[in-house]
Each structure stands twice: as C-alpha cells, then as structure tokens.
Amino acid sequence: MAGMTTRSCPCGLPEAYGNCCGRYLPQSRTTSTGGTPIGAAAAPTAEALMRSRYCAFVQGDVAYLLRTWHPRTRPGRLELDPGMRWTGLEILGTGAGSAFHSSGTVTFRASYRGGSLHERSRFERVDGAWVYVDGDNLD
C-alpha cells in the first residue's frame, strides 16, 4: 500500500491517506509525509474510527476490522467479498462520540459498485479506545 500514503484518503476527507486514516490502520508501518508512523494512533472519535473502518473494508484488512469491533459483538471470523469494490463514504450525521463521550453513533452511506449501504452504527469505548458495537441498516 505504499501509494496509499500520498493519495487522498478513501474515507472522503481531502487529506492524504497517511495523514488521515493511515494513522490508525497498522497495515503499513511506513511513515506518512508528516513523519508519524502509520498505524501508531488510536482513532480519537467514533467518526474517525468509522472512517478508518471504511478504509479497512476498502483494503480488505480483516485484522483491523476485528480488532476495532466490540468484544461482546465481534464475530469469531470475518470473510470479506474479494469482488466488492467500495466507491465512496458519506457521513450523514453523528451523535456524541467525541473525546468527552463513552458512546456515540455515526450515520453513513457507503457506496459500492452496484449499490450502497445506509447504516447507523453504534460505538463505545473499551479500555479508552473506540470500537464498533453494531449497526442498524436504514434502507
């Protein structure tokens, strides 16, 4: 994923991947243009975790998805469709989920070739880190 560090982040923010979600995903241990090791930081908000998880889906990073899933709702294993092509993420709303909260929600639409997923996801902090709990499909 060396090229991912300088291209815009798949999460839709205008920053380079290495300075955006690449800070949270441990897949590549190269450094971003700012010198911060990629994957060295924890997502500071529920929205940042949502965006980084979207990038993990784009990249097929099952280990990161499982690691950032709440222990009580995490599946025993996760198989991603290798033919799935994610094409964009739109954050439609957030509720709580900041550094001052212990839980939060993120409503989003994730587009893929042939359709989209519209979900309200729930997040909680576990040992100080944001994790995905579950979500309601809104379509």
Side-chain angles (χ1 to χ4, degrees):
M1 283 285 156
M4 286 292 284
T5 59
T6 56
R7 292 196 321 240
S8 339
C9 193
C11 82
L13 292 177
E15 296 181 58
Y17 172 77
N19 292 325
C20 194
C21 293
R23 296 180 292 166
Y24 314 124
L25 279 92
Q27 186 165 323
S28 171
R29 288 291 179 187
T30 60
T31 59
S32 66
T33 54
T36 304
I38 294 177
T45 65
E47 181 180 341
L49 181 64
M50 173 66 238
R51 289 179 180 280
S52 71
R53 285 176 56 85
Y54 172 80
C55 290
F57 274 103
V58 169
Q59 297 172 16
D61 189 341
V62 171
Y64 182 79
L65 292 168
L66 290 173
R67 185 170 57 78
T68 59
W69 210 311
H70 198 293
R72 79 170 182 266
T73 58
R74 179 187 309 133
R77 58 182 250 191
L78 179 64
E79 291 186 34
L80 301 180
D81 178 353
M84 177 70 79
R85 296 293 174 250
W86 295 98
T87 59
L89 176 66
E90 179 184 7
I91 301 297
L92 303 172
T94 60
S98 77
F100 303 106
H101 299 106
S102 59
S103 64
T105 61
V106 178
T107 304
F108 68 92
R109 184 175 311 278
S111 300
Y112 55 88
R113 193 176 329 154
S116 67
L117 169 67
H118 184 198
E119 182 178 298
R120 180 175 305 110
S121 295
R122 282 179 284 284
F123 297 87
E124 292 179 6
R125 284 186 186 269
V126 172
D127 296 327
W130 284 107
V131 291
Y132 170 78
V133 177
D134 61 16
D136 295 321
N137 190 332
L138 300 177
D139 284 336

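These values consider heavy atoms only, across backbone and side chains, with no hydrogens, waters or symmetry-generated copies.
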Would you say F123 ends up clustered with L65 if hydrophobic residues are merged whenever their side chains have heavy atoms under 4.5 Å apart, either directly or through other cluster members? yes
Any idea which heavy atoms bring V133 and T73 closest together, and the distance? O-OG1, 2.6 Å
Taking every non-hydrogen atom, the tightest pair across R122 and T105: CG-CG2, 4.0 Å
State yes or no: do L138 and M50 share one hydrophobic cluster built from I, L, V, M, F, W and Y residues joined by side-chain heavy-atom distances below 4.5 Å, directly or via other members? no
Out of the candidates F108, Y54, W69, F57, only one should pair with Y132 under the ring-ring contact (aromatic ring centres under 6.0 Å, His included) rule; please name it. W69
From the list Y24, Y64, W130, side-chain hydrogen bond (donor to acceptor under 3.5 Å, both in side chains) with S52 holds only for Y64
E15/R23 under salt bridge (charged side-chain N to carboxylate O under 4.0 Å, His left out): CA gap, chis, key distance, verdict: CA-CA 12 Å; E15 296 181 58; R23 296 180 292 166; 5.4 Å; no
Exam field: side chain R74 to backbone L66, donor-acceptor pair closer than 3.5 Å: yes
Tell me whether V106 shares a hydrophobic cluster with Y112, the cluster being built from Ile, Leu, Val, Met, Phe, Trp, Tyr side chains joined at under 4.5 Å. yes
Minimum heavy-atom distance P71-V126, with the two atoms named: CD-CG2, 4.4 Å
Is it the case that the side chain of T107 and the backbone of L92 share a donor-acceptor pair, with hydrogens and angles ignored and the cut-off at 3.5 Å? no
Distance, nearest 0.5 Å, that separates CZ of R109 from CG of L117: 9.0 Å
Around atom CZ of R125, are there more than 12 heavy atoms from other residues, nucleotides or ligands closer than 6.0 Å? yes
Go through it in stages, so that I can follow the logic: the residues are D134 and H70, the test is side chain to side chain contact (heavy atoms under 4.5 Å, CB included), and I'd like the CA-CA distance, side-chain angles, deciding distance and then a yes or no. CA-CA 8 Å; D134 61 16; H70 198 293; over 6 Å; no
What residue pairs, at least two apart or across chains, pass side-chain hydrogen bond (donor to acceptor under 3.5 Å, both in side chains) with a residue in residues 81-100? S98-H101
Between C20 and L13 the two heavy atoms that sit nearest each other are SG-CD1, 3.8 Å
Looking only at non-hydrogen atoms, find the nearest pair between S103 and A96 and report the distance. O-CB, 3.4 Å
Listed once per pair and sorted, the salt bridge (charged side-chain N to carboxylate O under 4.0 Å, His left out) pairs that draw on residues 42-52, sequence neighbours left out: E47-R51
For residues G60 and L80, report the shortest heavy-atom separation together with the two atoms involved. CA-CD1, 3.7 Å
Quick one: are C9 and C55 in side-chain contact, heavy atoms under 4.5 Å? yes
